[in-house]
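Only one structure is covered here, and it is reproduced in the block below.
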Amino acid sequence: MSLLKSREAILALAMLLLLAVIASRFPGFVAPRNLAGVFTDTSPLILLALGQMVVILTKCIDLSVAANLALCGMIAALMDGMGVPLPLILLAVLALGAALGAANGALVWLLGIPSIVVTLGTMTIYRGTIFLLTGGAWINAHQMSASFKAFPRAVFLGLPVMAWIAIAVVAVMAVVMTRTPLGRAFYAVGGNPHAAVYTGISVGRTQFAAFVIAGALAGLTGYLWVARYAVAYVDIAGGFELDVVAACVIGGIAIAGGAGTVAGCVMGALFLGIIKNALPVVGISPFWQMAISGSAILIAIAFNARKRDPGRIILKQAEHRT
Amino acid sequence: EEMRIALVVKALGIGFFEAANKGAQEAAEELGDVEIIYTGPTDTTAEGQIEVINSLIAQRVDAIAISANDTDALVPTLKKAMDRGITVISWDSGVAPEGRQMQLNPSSSPLIGNMIIKLAADHLPDGGDVAVLSATTTSTNQNVWIEEMNKVAGDYPNVNVVATVYGDDLADKSYREAQGLMQTYPDLKAIIAPTSVGIVAAAQAVTDAGKIGEVNVTGLGLPSEMAGHVESGASESFAIWNPIDLGYSATMIAYHLAKGDATAEPGATIPIGRMGEVTLDENSEAAMADPFVYDASNVEEFSSIF
Amino acid sequence: MSDTTPDRTTRHIPDRLQSPLSRALKSWEMLLLIVAVGIFILNALASPYFLDPWNLSDATFNFTEKAMIAFAMALLIISGEIDLSVGAIIALCSTAIGLAMTAGAQAPVLVLVGLGTGLACGAFNGVLVARFGLPSIVVTIGTMSLFRGISYIVLGDSAFTGYPAGFAWFGQGYVWWVITVELVIFALAALIFWLVLHRSNFGRMVYAIGNNATAARFSGIRVERVKFILFLLTGLMSGIAAICLTSRLGSTRPSIAAGFELEVVTIVVLGGVSILGGSGSIPGVVIAALVMGLVTFGLGLMNVPGIVMSIIMGLLLIGVIALPRLWTMLRRR
Amino acid sequence: MLAETDAPVLSLRGIVKTFPGVRALDGVRLDLYPGQVTALIGENGAGKSTIVKTLTGIYQPDEGQIIVDGVETRFPTAQAAGDAGVTAIHQETVLFDEMTVAENIFIGHAPRGRFGLIDRAEMTRRARDILTSIGADLNPSVKLLDLGIASKHLVAIARALSIDARVVIMDEPTAALSHKEIAELYELVEKLKRQGKAILFISHKFDEIFRIADRWTVFRDGQFVGEGVMAGTREAELVRLMVGRNVDQIYPKRPARIGKPALTVAGYCHPTEFDGISFTLHEGEILGFYGLVGAGRSEVMQALFGITQPSKGAVRIGEDVRVIRSTAQAVRAGIVYVPEDRGRQGAVKGLPIFQNVTLPSLKDTSRNGFLRLAEEFALTRTYTQRLDLRAASLDQDVALLSGGNQQKVVIAKWLATRPRVIILDEPTKGIDIGSKAAVHDFMSELAAEGLAVIMVSSEIPEILGMSDRVIVMREGRIAAEFEGDEMTPENLVRAAVGIEGEAA
Ligand SMILES: Nc1ncnc2c1ncn2[C@@H]1O[C@H](COP(=O)(O)OP(=O)(O)OP(=O)(O)O)[C@@H](O)[C@H]1O
Ligand SMILES: Nc1ncnc2c1ncn2[C@@H]1O[C@H](COP(=O)(O)OP(=O)(O)OP(=O)(O)O)[C@@H](O)[C@H]1O
Ligand SMILES: [Mg+2]
Ligand SMILES: [Mg+2]
């Protein structure tokens, strides 16, 4: 009963419905192989949305994730060009992404600048840095080593490594969010920052941690993105930050912080991913794509809207009705 | 005093335009008294180009040679430039006639339209379904080429063009659109991508889908970016004009017009240095040369150049 | 605490401790003005082309359209909301203008269509936020895709061109010498929004709502109505900006004004408006718009690529906000 | 001066804490003894909550020592204080709505299982144990947002007890509890005493202090002014220490002439909050509304003021029948409301005093919708002077004023609209004795001028001292109405808790 009422259940239902509608026009879409492909395609969105979720839970927002992704992706490609071995590159993008996230987090934590202002600024700075590094030049498939490109697409137990990475991160995040003090701290800081202080949680430090996690995930995704699409340039993933925020919102992460789950977030990302992948397949003109995803976002927020204060229910007979 | 010619491109950092800049520098060296200002916005928007042009007008450059992001949106600004005595020509991606003195096409649009479908047909002796993966829905030249291609499609009766999709010149979107095409049309035999971003993404998508040999990717691309895919077999062949020559020619034309030793009017001929000369048609447009086809036999040789 | 002190003689409380002038001298606007003058001087020294009236006039196009929207956005942000759909509203307005033009309408009708569409978009946002109480940041991320998406549905890969000659006046015309029509609209908008925010009852309510919406409601202010009007105003100003931009470009494509929203928000925040609501001023926004115009124009004259300009704008945004905080932090040590 | 039975388990010496512009604590001392309850007494802003925050690691003292078992320590975070065995029920409920009861109780010190992960089963089990031990019948797995305010307070108490503490601090713990729960809390305090815990108990209610405390400490204006044992101490003595002077006349009710009906409410109903509310209020009358906390008095008042919409019913103001759908309409009709939650609903912090005062009167001070500052200052001056506001200037941010002065700004704001009916919701809640007298004084003055006043209060002495007539509410309905000699504490309590027969 209460399971049916949860946001996650509604979202799962909506997703099944969506798949059913698509399948009715194009049965091939729901073939396991194709669904696996959709999942793989959506992996970057899932990874970034998980990072964004943590940040939003703490009452912040990170508009710089896509720029962070692009910068880390470019650095990965440049390192590959210098012959750095892949494990080192992976470590480097994780560290660099975390460092860029930490820069955001530090400005929020130590100087108390609102996160939207900080990340609005760093978003242009990070992307601009790519330009400064490369003079705007692209790094193309033929300039990348075979192993660099092969890693995310190597198939393992029927799924590419990229998808496995997403699955692993989802699993780790699910445990972190529900079963560790840090995870609970994210909810506490967003749910009631004032009360968090009273329980010994530092609001700023927790927000900092959130930005570092979001940054590290963006860094990792940067490599995956560049290797998958085999190209790196200034504008990759341009505007992707809004997709990421949209995925979180659709997934029921409260923009005011403190509420939302990993499951919801993943489903929000998958929902967008399915729409994006299905439109060209179902034969809906690409020109409709934008309006459709905009409407999906609006419908999702209407669904997720927390009811306004339902009142205190003082009357006895009213209590029984609810 | 040095003549300052601004080479305005769609966006900085695109290999094709970097190569064009090489040609422009070559022309400047040859001419001696020319300084090239290579500039452009960082994303392919008309608004970005307008800001760039405004600052060029302010610097009172002598000539602007532009590859436009939008046929019409730049017209008022370029008109203003001409009003202030600046020579304006467009090259590669054109501007509407009111906004420039002449347009240098890399090749003629009908030739390109024919070329891209011919490239597909050449490797489809038995015919089959092909689809087009274009750039943005607003890019002038792709739209013209596809239009020209459709005009001559009747000459290739075996080839059946089933769809046109848009990858917005974004690697990931193009990749996804290419994937979508292969799913929607399981019998797809070729993807024609008349854009250097799209063709690479499509080749990558074909490789990832394990359809090398089944689906041939062709269209317009840069040898440096396509060399790997020709080698892997994802692309049998593709075409492009030489962007170095294009930048070189545009600079030469701008120079002569700004100097005043040539005029831009229908029927006029303008010398373009080592490339010979061009003749303007009734729309004050000129074509530089035929597109050149690259395949396994020659792609290596050119991939180090552009 | 002092209300418990035994002596109950009435004390005189002065109206103000600081004169408005001395307060203005210590304000954020003053700091910005100094930055603006500094950049102006630097530009004049760096480029021989800078101090040319025609060039300066051209340079105003770098910010006029964005600044018009920034005024309305400033009010919205002061009230504690935000509208990220302004770029998309421009696209939709421009598309509507284009549709009217293909139907044969002349300039006055086109203007009305632009304004009407802007108002309609603003009303749509306003209803969702003010009436249904949805968070504005996500609502407008949604409508951002929806509005621009409608433009794409209408236009697809085509464009509207061939606007009537009379229509060109808004984005390309001059009122007098180098004074453009857009510059005049910008100045008028600044004046009107200054009056509204700083000199009218409505402005006072906007501040009250931004500082404490609940207490404002408990003070008899119709909070929803004020917020709805603010969204309408933002839509209207986006409509005006759409008219100017469409007229200046002489064409409409669905990708028009992409990324405007972030630049508008940047101007507003740089202008000293608190993104959390409750404080900010129109003069601040005006100066911030000038700073942005001066920086982009100055760097443009040196042919610095746009992305490097945006790095500098990003650094300026964070720096201008961080430095005073760093300063007080260090002083407290 | 005291018989030192035991050594104090925790002592504070010379604690100084300053905030920008305020010296909240100025070298105070405090001793807590095992197995004893120490009452901390002081006016509003005396620094009681500040000392609690210093003891629990939320604030760091600028100077002074915290001595635990004779050893000087520091509490850099709330966590550190908990580890040292100090736990607190804070004045505000500081909990998390989106978390479950168990999570709220254990956040920060959850039991860990394998790999250091939180052991949820164990956590739920222990939460249930603690809740049972304090007599709270709550399901540990429900989300906090599904609980009422009293249950939330019980969760806060359970949280404080979940830490195995030697020192338990209670900052006005009974403010939000009902009679039954208060009784249970007293029992709990006894139990903790028996376990040898040291308890710091903060309250403004003297009956409560005399009932459970063993010792007392008084602060005034951030300074220590005295301490002693409860036995043999008289209330008047404590009040004098606390206020610094004698407070003789607490309820200065002046005789007023009761005039024509000013407000008539007929059959007001709300789907979930109240039902069948009807009464008449006259000019010059002070009508008291009594009830237990949560009886729904504020909900009725907020409906009268247009914040919430009644489902049925009408009001008559003077002669005309009005439908009030918004606060703007209420103000226009002449009904104004001084809310109970001053910080959230009363003052607009961030705006200067004069802008707060003129906010609902902008129509009168402006011309054609444009502001006239001179008029605003004049209006503000008139009313703030009358209320004897203390402030540095009229363009000072209200957030910088003390609570009592903020309350005066809110009252001035409403008087400036020249209302016919003023509703004061718990006007002296959390306000010290001195300020209380000022507010009461002023209320009588208003009534004497013919204004109709509704006063909602949960304090019987205040209700009895100030009202001409009392309406008692219970569970969203009017339970009884008393006038004249019927207005006795017994009658009020009996009606409020719903006992028809003999006194409880
Ligand atoms: N964070 C803060 N910033 C500035 N001033 C503060 C802060 N916290 C408390 N104060 C001031 O310190 C003084 C003591 O406040 P405190 O909350 O300790 O009083 P209290 O004795 O608990 O009063 P009450 O009985 O109303 O709870 C007050 O003047 C208050 O305004
Ligand atoms: N369950 C709750 N959740 C959130 N806030 C609450 C809850 N219950 C009460 N409050 C708030 O706490 C404050 C004190 O509650 P209180 O019970 O005094 O109010 P009330 O219902 O208006 O009843 P009354 O005034 O008759 O005591 C009020 O501001 C009320 O809005
Ligand atoms: Mg206190
Ligand atoms: Mg109440």
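Every chain is numbered from 1, with letters handed out A, B, ... down the list of sequences.
- Of the listed residues (I353(D), V331(D), L362(D)), the one with the most heavy-atom contacts under 4.5 Å to chain C is L362(D).
- Contacts between I209(C) and chain D at a heavy-atom distance below 4.5 Å are absent for every atom of the residue.
- For the atom pair R199(C) CZ and S366(D) OG, the distance stands at 13.5 Å (nearest 0.5 Å).
- Taking chain C as the reference chain and counting heavy-atom pairs below 4.5 Å, the highest number among A392(D), G306(D), P352(D), G346(D) is found for A392(D).
- For the atom pair CG (N201(C)) and OG1 (T365(D)), the distance works out to 6.0 Å, reported to the nearest 0.5 Å.
- Nearest heavy atoms, I307(D) versus R217(C): CD1-CD, 4.2 Å.
- Here the closest heavy-atom approach between residue W414(D) and residue G220(C) is recorded as CH2-N, 4.3 Å.
- Within 6.0 Å of atom CZ in R418(D), 12 or fewer heavy atoms from other residues, nucleotides or ligands are found, so the atom counts as exposed in its surroundings.
- Between F218(C) and Q345(D), the closest heavy-atom pair is CB-O, 3.2 Å.
- The part of R222(C) that comes within reach of chain D is its side chain, from C-beta onward, which places non-hydrogen atoms under 4.5 angstrom from that chain.
- For a residue to count as touching a neighbouring chain, one of its non-hydrogen atoms must lie under 4.5 Å from one of that chain's; by this rule R367(D) does not touch chain C.
- The most heavy-atom pairs under 4.5 Å with chain C, out of D395(D), T327(D), N368(D), N356(D), come from D395(D).
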Subject >> Stepwise side-chain contact (heavy atoms from CB on, under 4.5 Å) check, R381(D) with D15(C) >> reply: CA-CA 8 Å; R381(D) 181 166 302 285; D15(C) 282 356; 2.5 Å; yes

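- The shortest non-hydrogen separation linking L371(D) to H198(C) is CD1-O, 3.7 Å.
- Each of Q396(D), Q329(D), E376(D) has some count of heavy-atom pairs under 4.5 Å with chain C, and the biggest count is that of E376(D).
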**OP:** Determine, stepwise, if the pair N212(C) / K349(D) fulfils side-chain contact (heavy atoms from CB on, under 4.5 Å).
**Re:** CA-CA 7 Å; N212(C) 184 344; K349(D) 292 180 186 168; 5.9 Å; no

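- Of all heavy-atom pairs between A215(C) and V348(D), the closest is CB-CG2, 3.8 Å.
- From L359(D), atom CG reaches atom CE of M205(C) across 7.5 Å, with rounding to the nearest 0.5 Å.
- Heavy atoms closer than 4.5 Å to chain C are found nowhere in T384(D), neither backbone nor side chain.
- When each of I221(C), L195(C), N211(C), T214(C) is scored by its heavy-atom pairs under 4.5 Å with chain D, the top score falls to N211(C).
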